[in-house]
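So the structure is just underneath, and the comments pick up after that.
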Amino acid sequence: MTENTIKVLLSDERKEKPQDDSLQFGKVFTDHMFVMDYMEGKGWHNPQIIPYQPITLDPACMVFHYGQTVFEGMKAYRTKDNRIVLFRPEKNFERLNQSNDRMCIPQFDEELALEGLKRLIEIEKDWVPSAPGTSLYIRPFIIATEPFLGVSASDRYKFMIILSPVGAYYKGGINPVKITVENQYVRSVKGGTGTAKTGGNYSASLKAQELAAKNGSSQVLWLDALEKKYVEEVGAMNIFFKINGEVITPMLNGSILPGVTRNSIIELLKHWNIPVSERRISIEEVFEASEKGQLEEVFGTGTAAVISPVGGLVWGDKEIVVNGNQTGELSLKLYNTLTGIQNGDIEDPFNWVQEVGMHTYA
Ligand SMILES: *Cc1c(COP(=O)(O)O)cnc(C)c1O
C-alpha cells in the first residue's frame with residue numbers, strides 16, 4: 001500500500017435521511033467524511049474515508065487563533081436517469097490550492113482529492129437527493145492544526161471533505177432580491193485575501209450583512225476598498241450587469257473571488273455570441289445606466305444559487321428598481337441552461353459534467 005492509497009472504514013451506523021422536501025442548507029451531514037493529514041517532512045499522507053465524526057483538537061491549534069484555513073463549495077447532482085454528476089470539480093480543487101498558496105498551506109494532489117471525493121460520494125450515493133433543485137453540497141476544507149501560539153505558518157494540517165444534502169435554493173421559483181451598496185465596510189482589498197476562499201473574509205463580512213438585513217436587503221454589494229467606486233461582488237457571489245445589450249462583470253483585479261459559476265457564465269455567453277466584457281464598472285455607471293433606461297438586468301452568480309437576479313439596488317439615499325423587479329430573460333436563460341447541464345437535462349457542449357461511479361480505482 002502506498003502513502004496515497006485511500007483507506008476506507010465504513011460506519012456501522014446509518015443515519016436517517018431527511019425527506020427531499022424538508023431539506024435546508026448545510027444542517028445535515030452524511031455518514032462518512034474524507035480526511036487526510038499533513039506533517040512537515042512527511043507531506044500529505046494517510047488519505048481515508050471514515051465515519052462522520054467530531055474531531056478532537058488541541059485548543060492551541062493555530063486555526064483557532066489566526067485563522068489559517070481554506071475551503072471550497074461545490075455540488076453533486078442526481079440526473080433524471082439516476083446518474084450522479086459533479087460540475088467542473090477540478091476547478092474547485094485547483095482553486096483550493098490557489099487559496100492554499102495565499103494562506104501558506106502546502107499544495108495537495110488535486111487528482112487524489114478528486115478521487116477521494118468521488119469514492120466518498122459513491123459510498124454516500126443514497127444521500128444525493130432527487131427532487132428538482134436539490135443537490136448534495138460538498139465542503140472540502142483545510143485547517144492548521146499545530147498547537148502553537150506564534151504567528152507563523154503551521155507545520156501540520158488536516159484536509160477534510162464533508163457532504164450535506166441541500167434543498168432547492170428557490171422554493172417558489174427564481175426570485176429577484178434587493179441589495180444594499182455598502183459604503184462603509186469593505187470585503188477585501190487588492191493585496192489582501194479576497195481572491196482566496198478563507199474563513200476570515202466571511203467573518204469580516206458579517207457586520208455589513210447584518211446592517212443590510214436591517215435595511216430590508218438580502219445582500220451587500222461590495223465596492224472596491226480604495227475608492228469605494230467600483231463594483232466588486234454581491235455577498236459571496238460574483239456580479240453581472242446587462243447594459244444596453246452588453247453583459248459586464250468586474251474583471252478579476254486581485255480582490256475578487258474567481259467564481260467557477262462566473263467563468264461558466266462568461267463561456268456560455270461567448271458560446272451564444274452575446275457581447276460580454278470583464279472590466280471595471282463603477283456604481284455610478286450602473287445608476288446612470290438605470291436613469292437612461294439602459295440597465296436591463298443585474299444578477300449574482302455562485303454555486304449555491306447559480307443565478308440570483310437583483311431586483312433593486314439601494315446606494316445611500318438613491319434607490320433603483322431593475323427590470324421592474326422581475327427576473328430578466330437572459331438571467332432566466334442562463335439559470336435554465338446551467339442547471340439543465342448540471343442535471344443532465346440538456347447537452348453539455350463544454351464537457352463540464354463528470355460522472356461519479358464510472359471509475360475503477362487502483
Ligand atoms: C465562493 C464564492 C463565489 C462564487 O464562486 P463559485 O465558484 O461560483 O461558487 C463568489 N464570491 C465569493 C466571495 C465566494 O466566496
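Both ligands and their constituent atoms are indexed starting at 1 by order of listing. FYI, side chains are in, hydrogens and waters are out, and symmetry mates aren't considered; it's all heavy atoms of this structure.
The shell of residues lying under 4.0 angstrom from ligand 1, judged by heavy atoms, excludes Lys91. Using a non-hydrogen distance threshold of 4.0 Å, Glu72 does not register as a contact of ligand 1.
Between Phe34 and Tyr52, the gap from one ring centroid to the other reaches at least 6.0 Å. If you look at Tyr137 and Phe25, their ring centroids are closer than 6.0 Å. Phe108 and Phe159 have their aromatic ring centers within a separation under 6.0 angstrom.
In this structure, Arg156 fails the cation-pi test against Tyr38, since its NZ or CZ atom is not both closer than 6.0 Å to the six-membered ring centre and inside 45 degrees of the ring normal.
Across the listed options Gly259, Ala236, Ala305, Ala236 owns the non-hydrogen atom lying nearest to atom 3 (C) of ligand 1. Here the shortest heavy-atom distance to atom 15 (O) of ligand 1, taken over Tyr202, Phe71, Trp222, belongs to Tyr202.
Here's the thing with Gly73: none of its N/O atoms is less than 3.5 angstrom from an N/O atom of ligand 1. For the pair Thr261 and ligand 1, the shortest N or O to N or O distance falls below 3.5 Å.
Checked for salt-bridge contact, Glu285 and Arg279 meet the test: a charged N lies under 4.0 Å from a carboxylate O.
Counting heavy atoms from C-beta on, the side chains of Leu223 and Glu182 never come closer than 4.5 Å.
Set against the non-hydrogen atoms of Arg187, the atoms of ligand 1 under 4.0 Å away are 13 (C). Proximity to Met237 (heavy-atom distance under 4.0 Å) selects the following atoms of ligand 1: 10 (C), 11 (N). Atoms of ligand 1 lying under 4.0 Å from any heavy atom of Thr303, numbered from 1 in the order shown and given with element: 6 (P), 7 (O), 8 (O), 9 (O). Of all the atoms in ligand 1, the ones that sit under 4.0 Å from a non-hydrogen atom of Arg95 are 5 (O), 6 (P), 7 (O).
Considering only non-hydrogen protein atoms, atom 2 (C) of ligand 1 sits nearest to Lys197 NZ, 2.5 Å.
Using modelled atom types and a 3.5 Å distance limit, the side chains of Asn100 and Gln107 yield no donor-acceptor pair.
Between the side chain of Gln354 and the backbone N or O of Val85, no donor-acceptor pair lies under 3.5 Å.
Within the 4.0 Å heavy-atom criterion, the part of Glu233 lying near ligand 1 is the side chain and not the backbone.
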